[in-house]
Protein chains: 2
Amino acid sequence: MRGELTAKGRATRRRIVEGAAAVLRERGVASATLDDIMARTGTSKSQLFHYFPAGKDELLLAVARFEADRVLEDQQPYLGCLDSWEAWERWRDVVIERYEAQGDECPLGSLFFQVGRSTPGARAIVSELMRRWQESLAAGIRSLQATGRLPAGLDVDARSAALLAAIQGGVSILLSTGQSTHLRAALDLGITDLRRAGEAMR
Amino acid sequence: MRGELTAKGRATRRRIVEGAAAVLRERGVASATLDDIMARTGTSKSQLFHYFPAGKDELLLAVARFEADRVLEDQQPYLGCLDSWEAWERWRDVVIERYEAQGDECPLGSLFFQVGRSTPGARAIVSELMRRWQESLAAGIRSLQATGRLPAGLDVDARSAALLAAIQGGVSILLSTGQSTHLRAALDLGITDLRRAGEAMR
DNA sequence: ACTACAGTGGACTCCACAGTCCATTCCAAG
DNA sequence: CTTGGAATGGACTGTGGAGTCCACTGTAGT
């Protein structure tokens with residue numbers, strides 16, 4: 001079916017995914033219905049099932065993919081070039097700003113609980129996102145090593161894993177309490193400690 | 001109504017909450033129904049609505065409170081007496097073990113997405129949990145300061161906030177990917193960096 | 001022992017919402 | 001201009017599951 005889509009079809013499909021994403025963010029996954037999505041995207045039920053034959057779950061998964069892609073895009077160009085301490089700090093500011101703006105909606109998080117974290121499809125999307133995210137952080141650390149700002153002996157994997165966890169935790173606390181202080185503290189100390197770990201090894 | 005419960009009534013109510021918690025953990029919040037809970041707890045629908053007049057949401061909230069209490073209990077007695085570096089490491093091991101055992105079920109997390117993170121009741125429960133959790137960590141840091149293992153000048157709030165975020169992030173990555181490496185790295189480096197930050201200030 | 005109310009059983013209502021189906025329109029290729 | 005398949009409209013169905021209701025039972029207090 002995927003190859004048979006005409007230009008018009010592809011456009012409609014995109015409209016559905018983007019509109020659904022918006023609806024899900026506003027109403028929350030739990031209470032968003034196909035009718036909401038139809039209303040928002042100006043489509044009929046048959047269209048929904050035409051483009052997503054397996055129904056709601058397939059659509060939710062498509063939205064999850066869409067949202068996952070946005071996550072890293074929103075951190076660019078900073079995330080892609082963490083080659084100086086200033087770059088790290090600019091990136092940190094972008095992340096904090098982005099998630100403060102997002103407020104208490106977690107497009108991705110809610111999606112999993114609906115589809116089921118354990119669903120292979122859903123799990124693959126998050127795992128892939130986490131992998132790429134961590135890899136970007138690791139690349140940043142490595143470029144600091146390459147320019148001598150960090151010693152070569154640093155455990156890049158552990159450091160990038162911890163940083164990723166710090167972000168995730170900060171965000172999830174922001175989601176549930178509405179406070180961004182934890183995200184701030186986690187990122188600030190994460191970067192500070194990265195720096196200090198480097199100095200300690202010299 | 002709360003004060004009018006007889007001993008029998010209180011027992012039934014408890015049975016419902018505990019049984020519901022088990023069902024929710026097994027089936028996931030999204031697919032758990034009142035009928036599942038009735039079957040599991042050997043109760044009838046009228047009992048459910050007798051003890052939770054506002055229906056499913058009220059019951060879910062009660063379960064959330066129940067689960068929130070377990071979280072910190074499960075980390076005792078370690079969390080309550082973080083007065084040496086060995087104690088911190090024992091606590092870390094308990095946390096990792098607990099969440100590895102829990103696997104990919106997040107009793108609390110899923111509850112919010114169902115009830116709605118923004119619901120005042122739900123938010124209050126998590127906020128309170130986070131507050132108490134962080135306070136325990138802060139108390140641990142302070143007791144290290146008191147015995148001279150950490151300098152007095154350390155920013156206790158920021159450190160404890162970052163540690164809490166590290167845990168939350170590690171757990172949420174464990175939930176979505178099934179891997180505990182991030183939780184491990186976050187906790188290990190969190191404790192290591194705490195120690196190093198102390199040494200750097202001397 | 002009586003009585004009033006907590007506790008319990010379970011049938012019944014009601015409806016929101018996913019998913020189906022067929023009729024109709026659009027459009028590209030020949 | 002015709003024809004086949006993609007794209008669309010929208011009425012219809014089926015059902016899972018929350019919440020209601022009333023009848024019955026157990027029991028604590030007087």
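Heavy atoms only: backbone and side chains are in, while hydrogens, waters and symmetry mates are out. Residue numbers begin at 1 in each chain, while the letters A, B, ... track the order of the sequences.
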Could you tell me whether the side chain of [Y] reaches within less than 4.5 Å of the side chain of [X], counting heavy atoms only?
X: Q75(B); Y: W133(B); result: yes
X: W88(B); Y: D93(B); result: no
X: Q47(B); Y: R13(B); result: no
X: R40(A); Y: R27(A); result: no

key: Those residues of residues 15-29 of chain B lying under 4.0 Å from DNA chain C by at least one heavy atom   = none
Could you list the residues that satisfy side-chain hydrogen bond (donor to acceptor under 3.5 Å, both in side chains) with [X], not counting sequence neighbours?
X: S136(A); answer: none
X: E67(B); answer: R25(B)
X: R98(B); answer: D74(B), Q102(B)
X: Q145(B); answer: none

Tabulate atom names and distances for all N/O pairs under 3.5 angstrom spanning the protein and nucleotides 12-20 of chain D.
{"from": "dA18(D)", "atom 1": "OP1", "to": "K56(B)", "atom 2": "NZ", "distance (Å)": "3.0"}
{"from": "dA18(D)", "atom 1": "OP2", "to": "L34(B)", "atom 2": "N", "distance (Å)": "3.1"}
{"from": "dA18(D)", "atom 1": "N7", "to": "K45(B)", "atom 2": "NZ", "distance (Å)": "3.2"}
{"from": "dG19(D)", "atom 1": "OP2", "to": "K56(B)", "atom 2": "N", "distance (Å)": "3.1"}
{"from": "dG19(D)", "atom 1": "N7", "to": "K45(B)", "atom 2": "NZ", "distance (Å)": "3.4"}
{"from": "dG19(D)", "atom 1": "O6", "to": "K45(B)", "atom 2": "NZ", "distance (Å)": "3.3"}

Span of DNA chain C in contact with chain B (heavy atoms, under 4.0 Å) = dA6(C) to dG10(C)
key: side-chain contact (heavy atoms from CB on, under 4.5 Å) partners for T192(B), two or more places apart   = R196(B)
query = Quick one: side-chain contact (heavy atoms from CB on, under 4.5 Å) partners of T181(A), sequence neighbours excluded?
reply = Q179(A)
query = Between E86(B) and R90(B), is there a salt bridge with N-O shorter than 4.0 Å?
reply = no
inquiry  = Strictly below 4.0 Å, N to O, side chains only: are E128(B) and R131(B) in salt-bridge contact?
reply    = yes
Degree of bending in the helix from dA1(C)-dT30(D) to dG30(C)-dC1(D) once both end axes are built from five pairs, to 10° = 10°
message = Just the rounded figure in Å: distance from C1' of dC21(D) to CG of L48(B).
response = 16 Å
query = Are L59(B) and Y51(B) close enough, and set up right, to give a side-chain contact (heavy atoms from CB on, under 4.5 Å), and what steps lead you there?
reply = CA-CA 9 Å; L59(B) 172 56; Y51(B) 295 104; over 6 Å; no
List the atom pairs, with distances to 0.1 Å, where a side-chain N or O of residues 160-171 of chain A and a protein N or O form a donor-acceptor pair under 3.5 Å, not counting sequence neighbours.
{"from": "S160(A)", "atom 1": "OG", "to": "Q134(A)", "atom 2": "NE2", "distance (Å)": "3.2"}
{"from": "S160(A)", "atom 1": "OG", "to": "V156(A)", "atom 2": "O", "distance (Å)": "2.9"}
{"from": "S160(A)", "atom 1": "OG", "to": "D157(A)", "atom 2": "O", "distance (Å)": "3.1"}

Phosphate-side-chain proximity, Y51(A) and dA6(D), N/O vs OP1/OP2 below 4.0 Å = no
Please produce a list of atom pairs where a protein N or O lies less than 3.5 Å from an N or O of nucleotides 24-30 of chain D.
none

query = Should E100(B) and R184(B) be marked as a salt bridge (Lys or Arg N to Asp or Glu O under 4.0 Å) after you check the CA-CA gap, both sets of side-chain angles, and the distance that decides it?
reply = CA-CA 10 Å; E100(B) 275 182 344; R184(B) 285 203 131 79; 2.9 Å; yes
